[in-house]
Amino acid sequence: MTDNFTETSHVFIDWFRACQPFLNPKIRLADFRHEGRGRGVVAVQDLHQDEELFSISRSRILNTETSSLAQDPRGQELITKLDDQWLSLIMVMIHEYLLGSESPWKAYFDVLPSTFDTLMFWTDNELAELQASSVKDKIGKTSANDLFNTTLFPVIRSAPDLFPNISSLTDSDLLALAHRMGSIIMAYAFDLEKDPSALPQDEDGYISDEEGDSLPKGMVPMADMLNADAILNNACLYYETDTVSMRTLGPVKAGEELYNDYGNLPRADLLRRYGYLTDNYSLYDVVEIPTDLIVHVVKSLKANDDAARVTEKYLAELAAALDERGFYEDSYDISLHSHAPVNDDDEAQEDNPLFPAGLQMLFYRLLVDNNNTITPPKKYAKKPSALSPAEQSSIRQAYAAVLRARQGQYSTTIEQDRRTLLELGAQISSRRGMAVQVRLGEKLLLQRALEAALATEHAVANANSDADGEERSHKRRR
Ligand SMILES: C[S@@+](CC[C@H](N)C(=O)[O-])C[C@H]1O[C@@H](n2cnc3c(N)ncnc32)[C@H](O)[C@@H]1O
């Protein structure tokens, strides 16, 4: 017996074959619900490197240009009025969804999800399991709701004839629909690169990258049926003139799953945007250290007179001075790579830095540069090798104090989290299990950073005491 899941998959495949240029017969849509991955795409025969898996006409990508709403001058007016690509895409998706079987994308909508594990849908208790992870501040549900209520819904409701049955939807129905479409866009939409042949070229024939231009988003049927993995990634979407084409990155054996990649996302962001995580993304984990916390801890380490000099005015000037060099952040990321030089040319990373460049600048200005002056000088902070041993040590100790303070914001220890994960067993991919993995990953980064700072501090202290001992015995010998 086929359930609705299998049936909608079949209808979707038939629809895709009928309206898209190419679907490789060596692949199929598979049911990975038993492994918590919904639908996915697998090879049924061996595939060679750079083999085309399927292609999609640009005109059949669902976006604000292809939707039937954009073909109606009044619909186009609504899109222009919104003047926001995310809200406009939500609006055209609501339009297509409400068209039901009248929409050319009906079979596609039927394989898109209606429930999500993204953070937007977690309860307060579930979110509390993330403890002090900064990802909780990035969910943006309240601001999205405000935007929907004040901007999107009035525009949609102003043209009821373009949105079938809209008048029967209450505001909360419409809000649920907007959340659903917004969440689908977040987890399924692609940034649509332009036709490479239409991009402007410089005099040497190189394509100029339009830096700063954010790419329009679009829903690319079938391309979004691939699951993703940072390490198992074996397929990639290529943008061509009239089509976009999914191709293998290397040979793929029959029976293997085809994986896209979502980029260098920390697991916290994977959870926020896609509602899942795997260990393979842990190499991109970060823990954020808020600048406010750094200032608070550094002030608490200073003598009263010195602390009093760190005024709001001083901090505003310091922020502006650091910002001028691109070193100011509201919070600084610590990652697995934070303690290695980023690249050899990076001035601030020279000399095996104490820790990431921006952070180093901030500590330097707060601790060392601030001793005799109210206004921070607009000069570049010294390189680590140019700081005196005492200055280096005071920066390291303050950094360690900040890391400990950040650790203290999490209510359980690394050992407790490890035990919880063991106890969860097969439930490790539940919302609670995913939250524990995120917070544990962040704690491990803090621990690692603290160990690195303390190890340097001890090594320097030992080297100094060896040198003192040498000096004393030298004196005795004399
Ligand atoms: C672009 S869709 C991929 C197709 C999706 N599995 C489906 O059934 O519609 C992205 C969603 O698939 C799921 N997903 C993708 N990669 C995954 C993976 N490696 N493990 C578990 N779930 C994954 C997540 O729910 C994510 O939000």
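We count ligands from 1, going down the list as the structure has it; atoms in each ligand are counted the same way.
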Pair Tyr239, Asp191: side-chain N/O donor-acceptor within cut-off below 3.5 Å: no

CG on Leu174 to CZ on Phe163, rounded to 0.5 Å: 9.0 Å

When Val252, Leu226, Val44, Leu47 are each screened for side-chain contact (heavy atoms from CB on, under 4.5 Å) with Ile27, the one that passes is Leu47

Looking only at non-hydrogen atoms, which of Leu226, Asn260, Thr118, Asn227 approaches atom 14 (N) of ligand 1 most closely? Asn227

Proximity flag Ala228 to ligand 1, non-hydrogen atoms under 4.0 Å: yes

heavy-atom search around atom 4 (C) of ligand 1 in the protein gives Asp224 O, 3.3 Å

Closest protein heavy atom (residue, atom, distance) for atom 21 (C) of ligand 1: Arg37 CG, 3.2 Å

Please identify which of these residues, Phe190, Tyr274, Tyr284, Tyr188, meets the ring pair (Phe, Tyr, Trp, His ring centres under 6.0 Å) condition with Tyr262. Tyr274

Glu442 and Gln131: side-chain donor and acceptor closer than 3.5 Å? no

Below 4.0 angstrom from a heavy atom of Tyr262, which ligand 1 atoms are there? Numbered from 1 as shown, please. 1 (C), 2 (S), 10 (C), 15 (C)

Would you say His48 and Glu51 are linked by a side-chain donor-acceptor pair, where the criterion is simply a distance under 3.5 Å? yes

Is Tyr274 in polar range of ligand 1, meaning some N or O pair under 3.5 Å apart? yes

Under 4.0 Å, counting heavy atoms only: does Asp229 come that close to any atom of ligand 1? no

Could you list which atoms of ligand 1 come closer than 4.0 Å to a heavy atom of Gly38? 8 (O)

Applying a strict 4.0 Å limit to heavy atoms, is Gly36 in contact with ligand 1? yes

Please name the pair of heavy atoms, one in Phe148 and one in Pro154, separated by the smallest distance, quoted to 0.1 Å. O-CD, 4.1 Å

Closest protein heavy atom (residue, atom, distance) for atom 18 (C) of ligand 1: Tyr276 CE1, 3.1 Å

In this structure, CD1 of Ile56 is separated from OG1 of Thr243 (nearest 0.5 Å) by 8.5 Å

Looking at Phe116, I'd like to know if the NZ or CZ of Arg180 sits under 6.0 Å from its six-membered ring centre while staying within 45 degrees of the ring's axis. no

Looking only at distances, can you tell me whether any N or O atom of Tyr188, backbone or side chain, sits closer than 3.5 Å to an N or O atom of ligand 1? yes

In terms of atom number and element, which parts of ligand 1 are under 4.0 angstrom from non-hydrogen atoms of Ala187? 1 (C), 10 (C), 27 (O)

Could you check atom 8 (O) of ligand 1 against the protein and tell me its nearest heavy-atom contact, residue, atom and distance included? Arg39 N, 2.6 Å

For the 3.5 Å polar cut-off, considering only N or O atoms, please tell me whether Thr278 and ligand 1 meet it. no

